[in-house]
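Written out below as structure tokens is the structure these notes cover.
In this text the structure is predicted, and so the values were computed from the model without any measurement.
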Amino acid sequence: VRQLLDFSQQHDPEFSPANINDVVERVLALTEHAVAAKKISLDRQLQRNLPALMVDRHMMEQVLMNLVLNAIQATKDGGVITIRTRAHDENCEVRVEDTGCGIPAHVLPRIFDPFFTTKGTGEGTGLGLSVSLGIVERHGGRILVDSEVGKGSVFTVCLPLSHERLVERSMAGRMS
């Protein structure tokens, strides 16, 4: 129900400076039980001294929670999930990589569609990735996906390092 409300309301982010590594660590602390239950190895590769990002911390936690939970669900017992953060070009990247089942090529174009899910009845709403994409785009960013069946998936959240750039993107989007 919360995801449906988030999807329908899509309110503007309340920006404040945040350390993205702290956001990642909070999400990992909240998902620790699910990782442990499947005996998944968690590999943290968090770049030190990243500049603070102007983000809505709650919204970014929601995005990363969706990506981590999806990775956990896709990964078999004993698999590996790698979380990486880094500054690259004018962006901060958060990568969630799993050794799970991967996403078939014919499904990949639809994964961000609202209500689209490959999960069984009662296992998912099909809103997690759609809501996450909307949040990231409202932050002036994008989500990249690379996946291979049988090898796993990599979801990369790219967020602008500069708040000025974010304001410019936001204004350009409203004018078009």
Side-chain angles (χ1 to χ4, degrees), residues 3 6 13 15 17-31 34-35 40-75 79-114 116-118 124 126-163 165-166 169-170 173:
Q3 281 187 325
D6 288 343
F15 295 107
N19 179 325
I20 198 67
N21 288 338
D22 291 345
V23 176
V24 168
E25 290 292 356
R26 174 157 166 72
V27 168
L28 294 179
L30 292 170
T31 56
V35 170
I40 294 172
S41 296
L42 192 57
D43 182 12
R44 287 177 173 87
Q45 298 180 13
L46 308 182
Q47 181 178 323
R48 292 182 180 183
N49 303 320
L50 285 173
L53 298 179
M54 291 301 289
V55 296
D56 182 312
R57 185 182 181 102
H58 172 72
M59 286 182 163
M60 279 302 117
E61 285 177 1
Q62 183 179 358
V63 168
L64 296 178
M65 179 71 74
N66 282 331
L67 295 180
V68 169
L69 288 175
N70 283 352
I72 292 168
Q73 289 174 344
T75 303
V80 179
I81 295 175
T82 303
I83 311 289
R84 290 185 176 96
T85 59
R86 71 175 184 154
H88 181 67
D89 293 330
E90 295 181 31
N91 292 302
C92 177
E93 295 179 354
V94 181
R95 291 172 50 117
V96 178
E97 184 174 346
D98 66 63
T99 59
C101 56
I103 304 167
H106 73 280
V107 172
L108 213 46
R110 298 197 55 207
I111 62 171
F112 293 105
D113 290 354
F116 177 78
T117 183
T118 58
L127 287 173
L129 288 177
S130 180
V131 167
S132 295
L133 180 62
I135 289 170
V136 170
E137 287 179 343
R138 286 195 301 284
H139 280 75
R142 62 193 198 281
I143 301 178
L144 308 174
V145 185
D146 186 27
S147 187
E148 189 175 336
V149 173
K151 296 205 175 183
S153 300
V154 180
F155 282 79
T156 305
V157 176
C158 302
L159 298 168
L161 287 171
S162 162
H163 185 61
R165 215 168 129 219
L166 173 63
R169 283 185 189 178
S170 177

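Taken to the nearest 0.5 Å, the CD1 atom of Ile83 stands 9.5 Å off from the CG atom of Asp98. Note that OG of Ser147 is 7.5 Å distant from CD1 of Ile111, once rounded to the nearest 0.5 Å. To the nearest 0.5 Å, the span separating OG1 on Thr82 from CG on Leu42 amounts to 8.0 Å. For the atom pair Leu30 CG and Leu64 CG, the distance stands at 11.5 Å (nearest 0.5 Å). His88 NE2 to Asn91 CG: the interatomic distance, rounded to the nearest 0.5 Å, is 8.0 Å. Summarising the geometry, atom CD1 belonging to Ile103 is positioned 9.5 Å from atom CG belonging to Asp146; distances are rounded to the nearest 0.5 Å.
Checking Arg86 against Gln47 by side-chain atom types alone, no donor-acceptor pair falls below 3.5 Å.
Evaluation of the salt bridge (charged side-chain N to carboxylate O under 4.0 Å, His left out) rule for Glu61 yields Arg26, Arg57 as partners, not counting sequence neighbours. With sequence neighbours left out, the salt bridge (charged side-chain N to carboxylate O under 4.0 Å, His left out) criterion links Asp43 to no other residue.
Contact detail for Thr99 and Gly79: the closest heavy-atom pair is OG1-CA, 3.5 Å. Taking every heavy atom of both residues into account, Cys92 and Leu50 meet most closely at SG-CD1, 4.2 Å. Closest non-hydrogen pair, Ala87 versus Leu161, comes out as CB-CD1, 4.3 Å. The two residues Val136 and Arg142 come nearest to each other via the heavy atoms CG1-N, 3.3 Å. The two residues Asp56 and Phe15 come nearest to each other via the heavy atoms N-CD2, 4.2 Å. Minimum heavy-atom separation, Val80 to Thr75: N-CG2, 3.9 Å.
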| said: Please evaluate residues Asn66 and Phe155 with respect to the criterion side chain to side chain contact (heavy atoms under 4.5 Å, CB included), reporting the C-alpha separation (whole Å), side-chain torsions for both, the decisive distance (0.1 Å), and the verdict. | reply: CA-CA 11 Å; Asn66 282 331; Phe155 282 79; over 6 Å; no
| request: For Leu46 and Glu25, run side chain to side chain contact (heavy atoms under 4.5 Å, CB included): C-alpha distance rounded to whole Å, both residues' side-chain angles, the deciding distance at 0.1 Å, then the answer. | output: CA-CA 10 Å; Leu46 308 182; Glu25 290 292 356; 3.3 Å; yes
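Counting only heavy atoms from C-beta outward, the side chains of Phe112 and Val145 approach each other to under 4.5 Å. Within the 4.5 Å cutoff, no side-chain heavy atoms of Val55 are placed close to those of Met59. Side-chain contact between Met60 and Leu159 is present, with at least one heavy-atom pair separated by less than 4.5 Å. The shortest side-chain heavy-atom distance between Leu129 and Leu133 does not fall under the 4.5 Å cut-off.
Salt bridge status for Glu93 with Arg95: absent, with no side-chain N to carboxylate O gap under 4.0 Å.
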